Asks: 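Below is one structure. I have some questions about it.
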Amino acid sequence: MRQELNNRRPAFAFNIRDANGTSYRLTTSFDNGDVKEVWVNGGGKVGTERHDTLTEIGRIISVALQYGVPLEELKSCATYHSDGRPATIIGTVFDAINFKD
């Protein structure tokens with residue numbers, strides 16, 4: 001069952017960079033100390049496929065977390081290089097919101 005979030009909850013925004021050095025703004029909101037919502041901005045203008053893809057992945061991650069899917073389960077779906085570096089911005093997002101490790 002999807003967790004109902006409080007209307008007012010802490011949020012934190014910070015910058016991250018993908019392997020190519022492209023800058024993104026990552027915003028997270030918390031419920032009971034756990035990340036429950038994710039927004040990813042940057043890497044493309046509004047109305048472009050890249051922008052829409054980032055919006056969609058943020059929604060997908062958020063819904064999964066609200067349904068209780070463990071972050072490690074989501075992270076296991078991302079592509080990483082043999083040395084552990086994320087291959088895409090999605091892995092970078094997962095690494096950035098993995099506050100508890």
Side-chain angles (χ1 to χ4, degrees):
M1 176 178 251
R2 189 169 177 183
Q3 178 183 357
E4 183 74 27
L5 300 178
N6 295 320
N7 286 334
R8 294 194 171 271
R9 55 197 171 276
F12 183 64
F14 51 99
N15 293 324
I16 60 174
R17 291 188 181 275
D18 67 12
N20 296 321
T22 303
S23 182
Y24 298 85
R25 186 75 169 166
L26 178 63
T27 305
T28 57
S29 77
F30 299 83
D31 192 63
N32 294 323
D34 293 322
V35 174
K36 294 296 179 180
E37 286 184 299
V38 174
W39 296 270
V40 186
N41 296 302
K45 294 182 180 183
V46 173
T48 64
E49 183 177 353
R50 180 121 177 137
H51 176 271
D52 293 345
T53 299
L54 293 171
T55 299
E56 288 174 6
I57 195 61
R59 289 177 186 157
I60 291 166
I61 293 169
S62 299
V63 168
L65 292 171
Q66 291 167 30
Y67 269 100
V69 176
L71 180 58
E72 283 306 313
E73 182 80 17
L74 294 173
K75 196 173 175 182
S76 73
C77 297
T79 304
Y80 288 85
H81 296 288
S82 60
D83 65 0
R85 290 176 302 117
T88 70
I89 186 59
I90 295 167
T92 303
V93 167
F94 287 143
D95 287 354
I97 66 174
N98 194 13
F99 297 117
K100 295 192 175 185
D101 277 354

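Keep in mind that what you see is a predicted model, and the values were worked out from it rather than measured.
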Asks: Only pairs at least two apart or in different chains count here, so list each ring pair (Phe, Tyr, Trp, His ring centres under 6.0 Å) that has a residue in residues 24-66.
Replies: F30-F99
Asks: For the OG1 atom of T92 and the CD1 atom of I89, what is their distance to the nearest 0.5 Å?
Replies: 4.5 Å
Asks: Does the side chain of K36 reach to within under 4.5 Å of the side chain of T28, using non-hydrogen atoms?
Replies: no
Asks: Any non-hydrogen side-chain atom of V35 less than 4.5 Å from a side-chain atom of L65?
Replies: yes
Asks: Can you sort out the partners of Y80 under ring pair (Phe, Tyr, Trp, His ring centres under 6.0 Å), two or more places apart, ordered by chain and number?
Replies: none
Asks: Could you tell me the separation between the OG atom of S29 and the CG atom of L5, rounded to the nearest 0.5 Å?
Replies: 6.0 Å
Asks: Is there a side-chain contact (heavy atoms from CB on, under 4.5 Å) between I57 and V93 once you walk through the steps?
Replies: CA-CA 10 Å; I57 195 61; V93 167; over 6 Å; no
Asks: Can you name the side-chain contact (heavy atoms from CB on, under 4.5 Å) partners of A87, sequence neighbours left out?
Replies: T79, H81
Asks: Tell me if a side-chain donor or acceptor on S62 pairs with a main-chain N or O of V38 at a distance below 3.5 Å.
Replies: yes
Asks: Is it the case that one hydrophobic cluster holds both I61 and F12, taking links as side-chain heavy atoms less than 4.5 Å apart, direct or via other members?
Replies: yes
Asks: With ILVMFWY side chains joined below 4.5 Å, transitively, what does Y67's cluster contain besides itself?
Replies: V63
Asks: Applying salt bridge (charged side-chain N to carboxylate O under 4.0 Å, His left out), which residue pairs with at least one partner in residues 4-31 are found, sequence neighbours left out?
Replies: R9-E37, D18-R50
Asks: Would you sort out whether L71 and I97 count as a side-chain contact (heavy atoms from CB on, under 4.5 Å), showing the intermediate values?
Replies: CA-CA 9 Å; L71 180 58; I97 66 174; 3.8 Å; yes
Asks: How many angstroms lie between atom NZ of K75 and atom CD1 of I90, to the nearest 0.5 angstrom?
Replies: 14.0 Å
Asks: If I compare all heavy atoms of P86 with all of A19, which pair ends up nearest, and what's the gap?
Replies: O-CB, 4.4 Å
Asks: Applying salt bridge (charged side-chain N to carboxylate O under 4.0 Å, His left out) as the test, list every pair that has at least one member in residues 80-90; sequence neighbours left out.
Replies: D83-R85
